[in-house]
Number of protein chains: 2
Amino acid sequence: MIDYALLLKEHQLKATFQRMQILEVIEKYGHIAIEAIYEEVSRIHSSLSLATIYKNIVLMTQKGVLTEIPIIGEKSKYEIIKDEHIHLICTECGTVIDKMLDDDTAIDTEKVAKTSSFSLEHRQVNLYGTCDHCQS
Amino acid sequence: MIDYALLLKEHQLKATFQRMQILEVIEKYGHIAIEAIYEEVSRIHSSLSLATIYKNIVLMTQKGVLTEIPIIGEKSKYEIIKDEHIHLICTECGTVIDKMLDDDTAIDTEKVAKTSSFSLEHRQVNLYGTCDHCQS
DNA sequence: TCCTTAGTAATAAAAATTATCCATAAGGAA
DNA sequence: TTCCTTATGGATAATTTTTATTACTAAGGA
């Protein structure tokens, strides 16, 4: 259970009711698109203006609270920043699964960056396919 | 130099003037967004309707001629499909650099997929940072 | 060359995103 | 706790992006 107010303050953002509602929904779903946040927030809680959601998603992304996950053929989803991981994206149902990397499955992208004298800041590895559930 | 007419026919698409113009621009820039294709096509050649560009990008992507490259904080870019590679994306100038993988820099994503019983179809590895040129 | 079918242009429509502006709430100071 | 300042939210308009429509046109096989 994340302390949203703390998370926001750590990133120099006021802990408003609306922001915490948005974060709560994002955490609940893990990865979610803007329109879906709007629908969920409207359904469960008091309704927030769509413009408010847009503004705060952009702001929280800039401030490092959220990360955008751009996806082929879909609208971007957003997640709360956490330890590095890759995404398994199901092209059937759209589900995004986080996968932490361990030593056994490490991805040596730093070597790649180095050989191109590219100053690496952020990696995003997306694997597209069919999830366990949709295969059956 | 790609034979665009052949490429299109191999994917069951008619080799129209407009499609070849679009492919020519994409190949010239390597990775390019839709609006930029429109501007370039309009500037150099006869002007194509923006709607035509949209329709053909979608179609050629579906048919496997192009791949979408969704990018954090930007519009998607498109490239002609080629051997698997990763992208170095410069957050300063927006340039996308292709990087082929060799044995030395292989990325063992298949192992990851396997441990999640995920049926892997397509991998997309994007490294964000600052390119050689923008560092100086 | 003709014919059939698919493709294009132009425009309208729809969807997504951003800007505006005034009312309001957050959070520090007293 | 109350007050004050300033950032924020809501509603809506405006803009931008993307898709649909429809009549005309070109591609490619017969």
Side-chain angles (χ1 to χ4, degrees), chain A residues 3-26 32-63 65-66 68-78 94, chain B residues 3-26 32-63 65-66 68-78 94:
Chain A
D3 182 341
Y4 304 122
L6 180 61
L7 178 63
L8 287 165
K9 284 176 185 161
E10 283 174 347
H11 292 85
Q12 292 76 50
L13 291 170
K14 281 192 180 180
T16 67
F17 173 76
Q18 290 84 348
R19 285 175 189 164
M20 292 196 278
Q21 297 290 293
I22 293 170
L23 288 173
E24 194 177 314
V25 170
I26 295 177
I32 186 168
I34 287 181
E35 188 64 27
I37 295 173
Y38 178 63
E39 284 164 16
E40 178 70 3
V41 164
S42 303
R43 198 171 61 77
I44 304 289
H45 311 284
S46 68
S47 71
L48 307 189
S49 162
L50 185 54
T52 298
I53 296 179
Y54 270 102
K55 269 191 289 193
N56 280 301
I57 292 293
V58 170
L59 189 61
M60 290 192 283
T61 300
Q62 284 174 349
K63 293 286 190 177
V65 177
L66 303 178
E68 179 184 351
I69 311 168
I71 299 174
I72 292 176
E74 296 180 36
K75 299 279 152 200
S76 288
K77 294 184 176 175
Y78 293 84
Chain B
D3 182 341
Y4 305 123
L6 180 62
L7 179 63
L8 287 166
K9 283 175 188 164
E10 283 174 348
H11 292 85
Q12 291 77 48
L13 291 170
K14 278 195 182 175
T16 67
F17 173 76
Q18 289 82 348
R19 285 174 188 162
M20 292 197 277
Q21 296 291 293
I22 293 170
L23 287 173
E24 194 178 313
V25 170
I26 295 176
I32 185 168
I34 287 182
E35 187 63 27
I37 295 173
Y38 178 63
E39 284 164 16
E40 178 69 4
V41 164
S42 303
R43 197 171 63 77
I44 304 290
H45 310 283
S46 68
S47 70
L48 307 189
S49 161
L50 186 54
T52 298
I53 296 179
Y54 268 102
K55 266 193 292 194
N56 280 302
I57 293 292
V58 170
L59 189 62
M60 290 192 283
T61 300
Q62 284 173 350
K63 293 286 190 175
V65 176
L66 303 178
E68 180 185 349
I69 310 167
I71 299 174
I72 293 176
E74 296 181 37
K75 301 277 154 202
S76 287
K77 293 183 177 176
Y78 294 84

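The structure presented is a predicted model; accordingly, all values stated were derived computationally and were not measured. Values below: every heavy atom of this structure, side chains too, minus hydrogens, waters and symmetry copies. Convention: sequence-line order gives letters A, B, ...; per-chain numbering from 1.
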**Asked** Less than 4.5 Å apart, any side-chain heavy atom of B:Ile57 and any of B:Ile26?
**Response** yes
Using atom names, set out every protein N or O paired with an N or O of nucleotides 19-27 of chain C below 3.5 Å, distance rounded to 0.1 Å.
{"from": "C:dA26", "atom 1": "N3", "to": "A:Lys14", "atom 2": "NZ", "distance (Å)": "3.4"}
{"from": "C:dG27", "atom 1": "OP1", "to": "A:Ala15", "atom 2": "N", "distance (Å)": "2.9"}

Note to self: Side chains of A:Glu68 and A:Ser76: any donor to acceptor distance under 3.5 Å?
What the structure shows: yes
Contact between A:Leu8 and A:Lys14 at the side-chain level, heavy atoms closer than 4.5 Å - yes or no? no
Margin query: With a 4.5 Å cut-off on side-chain heavy atoms, are A:Tyr4 and A:Glu24 touching?
Written below: yes
Whole-Å distance, A:Glu35 CD to C:dA14 P, equals 17 Å
Requested in this report: Report yes if the side chains of B:Ile22 and B:Met60 come closer than 4.5 Å at any heavy-atom pair, otherwise no.
Outcome: yes
Any B:Tyr78 side-chain heavy atom under 4.5 Å of B:Ile69 side chain:
no
Winner on side-chain proximity to A:Leu50, out of C:dA9, C:dT17, C:dT18, is C:dT17
In whole angstroms, the gap separating P of C:dT8 from CG of B:Leu48 amounts to 9 Å
Outermost contacting nts on DNA chain D, any atom under 4.0 Å from chain B heavy atoms, listed 5' then 3', are D:dT17 to D:dG28
Atom CD1 of B:Ile22 and atom C1' of C:dT8 are separated, to the nearest Å, by 11 Å
### Query
Is there side-chain contact between B:Lys75 and B:Ile34, with at least one heavy-atom pair below 4.5 Å?
no
Separation of C:dT8 atom C1' from B:Met20 atom CE, nearest Å, is 14 Å
On a heavy-atom basis, the closest approach of B:Gly94 and B:Lys77 is O-NZ, 2.8 Å
In whole angstroms, the gap separating C1' of C:dT8 from CE of B:Met60 amounts to 13 Å
B:Tyr54 atom OH is separated from C:dA13 atom P, nearest whole Å, by 19 Å
Rounded to 10°, the helix from C:dT1-D:dA30 to C:dA30-D:dT1 deviates from straight, judged by its five-pair end axes, by 50°
Separation between CG (A:Leu13) and CG (A:Asn56), nearest 0.5 Å, reads 8.0 Å
From CD1 of B:Ile34 across to C1' of C:dA15 the rounded distance in Å is 15 Å
The residue, A:Ile53 or B:Val58, whose nearest nucleotide of DNA chain D is more 5′ is A:Ile53
Whole-Å distance, B:Lys75 NZ to C:dT18 C1', equals 11 Å
Measure the shortest side-chain to side-chain distance between B:Leu48 and B:Tyr38 over non-hydrogen atoms and say whether it is less than 4.5 angstrom.
no
Considering only heavy atoms from C-beta outward, does the side chain of B:Pro70 approach that of A:Ile71 to under 4.5 Å?
no
